[in-house]
Amino acid sequence: MIEARQHRFRPPKGAADLLLIRHGETQAAVRGESFPLVEGQGDPALHPDGEVQAIAVGHRLKTEPIQAIYVTTMQRTHQTAAPLSAHLGLEPRVERDLREVFLGDWDGGEYRFRVMDKDPAFMRAKERQEWGEVPGAETTAELQARVKAGLLRIAHAHPDELVAVVVHGGVIGAALAVATGSPAFAFHGAENGSVSRLVIQGDQMILRGFNDVSHLPA
């Protein structure tokens, strides 16, 4: 008897299979105070709840055949990657182009209060899906270009490998919008500690998963 089974996805030959992990929750912003800055961008440490999320990520992925771990220039990604790094015995590598969106005058924690207060510039940015509406911020096109460049560098360095990439919410949103041709903010809001999946072969990006939080505590 001849049977035809349903298709099961497998990454194409030479493709890199990237697990995009959003860092754990960070410290709360305090009105009138700035987070420490790295090259003009806020660099808060993980909140205790974020540390729990990082441990959960490490436990979730410790048995996966991950060949490399990437982080950004910001400490919250290093701290989130630490449990997984310890499980796998892999030293994280830094990809600078995957740092969070530059928020200009609102970086360092101010952005959170502008969102909370529904600042008109934030409302325009949300409506137009344009980060450049924030005073002094980079544009959506600039963010997407550098995120794509960073991801392609990682993919080209890891053909036929599974790679963990600990990044930021804005970066995940930019990456998946580029991959799918969706509106710029379509994937905005990935949860802290979530796992998304992007398969990259050459310049082609295939979205295979978004915002998996099944491993996180309720």
Side-chain angles (χ1 to χ4, degrees), residues 20-47 49-50 53 70-80 94-154 165-194 196 198 205 207 210-211 213:
L20 303 183
I21 302 159
R22 188 181 178 194
H23 61 76
E25 181 184 351
T26 58
Q27 296 171 341
V30 176
R31 198 181 289 275
E33 299 180 12
S34 175
F35 292 133
L37 299 178
V38 171
E39 299 181 51
Q41 291 187 268
D43 190 33
L46 291 185
H47 183 279
D49 287 353
Q53 292 164 344
Y70 282 81
V71 294
T72 75
T73 54
M74 297 170 176
Q75 64 173 329
R76 55 196 183 271
T77 63
H78 292 250
Q79 293 168 335
T80 302
V94 174
E95 174 48 68
R96 185 176 179 276
D97 273 346
L98 298 184
R99 66 195 182 281
E100 183 59 296
V101 56
F102 176 59
L103 294 171
D105 297 348
W106 294 0
D107 227 311
E110 179 65 19
Y111 174 78
R112 297 187 190 181
F113 293 105
R114 299 288 182 159
V115 172
M116 186 171 66
D117 296 340
K118 293 183 168 56
D119 186 285
F122 165 71
M123 300 305 291
R124 288 195 304 273
K126 184 177 179 181
E127 179 183 357
R128 300 174 184 175
Q129 306 200 41
E130 176 50 69
W131 288 111
E133 292 291 340
V134 174
E138 69 181 321
T139 66
T140 294
E142 289 169 340
L143 171 66
Q144 290 186 347
R146 68 171 170 83
V147 167
K148 181 178 180 180
L151 290 173
L152 290 181
R153 272 194 296 275
I154 293 173
V165 188
V166 185
V167 289
H168 308 268
V171 170
I172 293 171
L176 301 191
V178 169
T180 60
S182 301
F185 286 14
F187 294 95
H188 187 67
E191 299 287 343
N192 292 109
S194 64
S196 299
L198 196 59
M205 298 183 176
L207 175 61
F210 172 61
N211 200 47
V213 295

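Along the sequence shown, the residues carry numbers beginning at 1.
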Can you measure from [atom1] ([X]) to [atom2] ([Y]) and round to the nearest 0.5 angstrom?
X	Y	atom1	atom2	result
T26	N192	OG1	CG	7.0 Å
F187	N211	CZ	CG	10.5 Å
F122	D117	CZ	CG	11.0 Å
L46	R76	CG	CZ	9.0 Å
F210	E191	CZ	CD	8.5 Å
T80	Q75	OG1	CD	10.0 Å

Atom of [X], atom of [Y] and distance for their closest heavy-atom approach:
X	Y	result
V38	T73	CG1-O, 4.2 Å
E130	T139	OE2-CA, 3.3 Å
Q129	T140	O-OG1, 3.2 Å
A28	R112	CA-NH1, 3.7 Å

Checklist entry - Is any side-chain heavy atom of L151 less than 4.5 Å from a side-chain heavy atom of L198? => result yes
Item to check | Residues in side-chain contact (heavy atoms from CB on, under 4.5 Å) contact with A177, at least two apart in sequence or another chain | outcome: Q144
Listing, residues 96-109 side-chain donor-acceptor contacts under 3.5 Å, not counting sequence neighbours, or none:
{"unit_1": "R96", "atom_1": "NE", "unit_2": "E39", "atom_2": "OE1", "d": "3.2"}
{"unit_1": "R96", "atom_1": "NE", "unit_2": "E39", "atom_2": "OE2", "d": "3.4"}
{"unit_1": "R96", "atom_1": "NH2", "unit_2": "E39", "atom_2": "OE1", "d": "2.3"}
{"unit_1": "D97", "atom_1": "OD2", "unit_2": "R153", "atom_2": "NH2", "d": "2.6"}
{"unit_1": "R99", "atom_1": "NE", "unit_2": "Q41", "atom_2": "OE1", "d": "3.3"}
{"unit_1": "R99", "atom_1": "NH1", "unit_2": "R96", "atom_2": "O", "d": "3.0"}
{"unit_1": "E100", "atom_1": "OE1", "unit_2": "G170", "atom_2": "N", "d": "3.2"}
{"unit_1": "E100", "atom_1": "OE2", "unit_2": "G170", "atom_2": "N", "d": "3.3"}
{"unit_1": "D107", "atom_1": "OD1", "unit_2": "G42", "atom_2": "N", "d": "2.9"}
{"unit_1": "D107", "atom_1": "OD2", "unit_2": "L103", "atom_2": "N", "d": "2.9"}

Checklist entry - Can you list the residues that meet the ring-ring contact (aromatic ring centres under 6.0 Å, His included) rule with F35, with sequence neighbours excluded? => result none
Next on the checklist: For L20, run the side chain to side chain contact (heavy atoms under 4.5 Å, CB included) check against V165, V166, V171 and tell me which one passes.
Outcome noted: V165
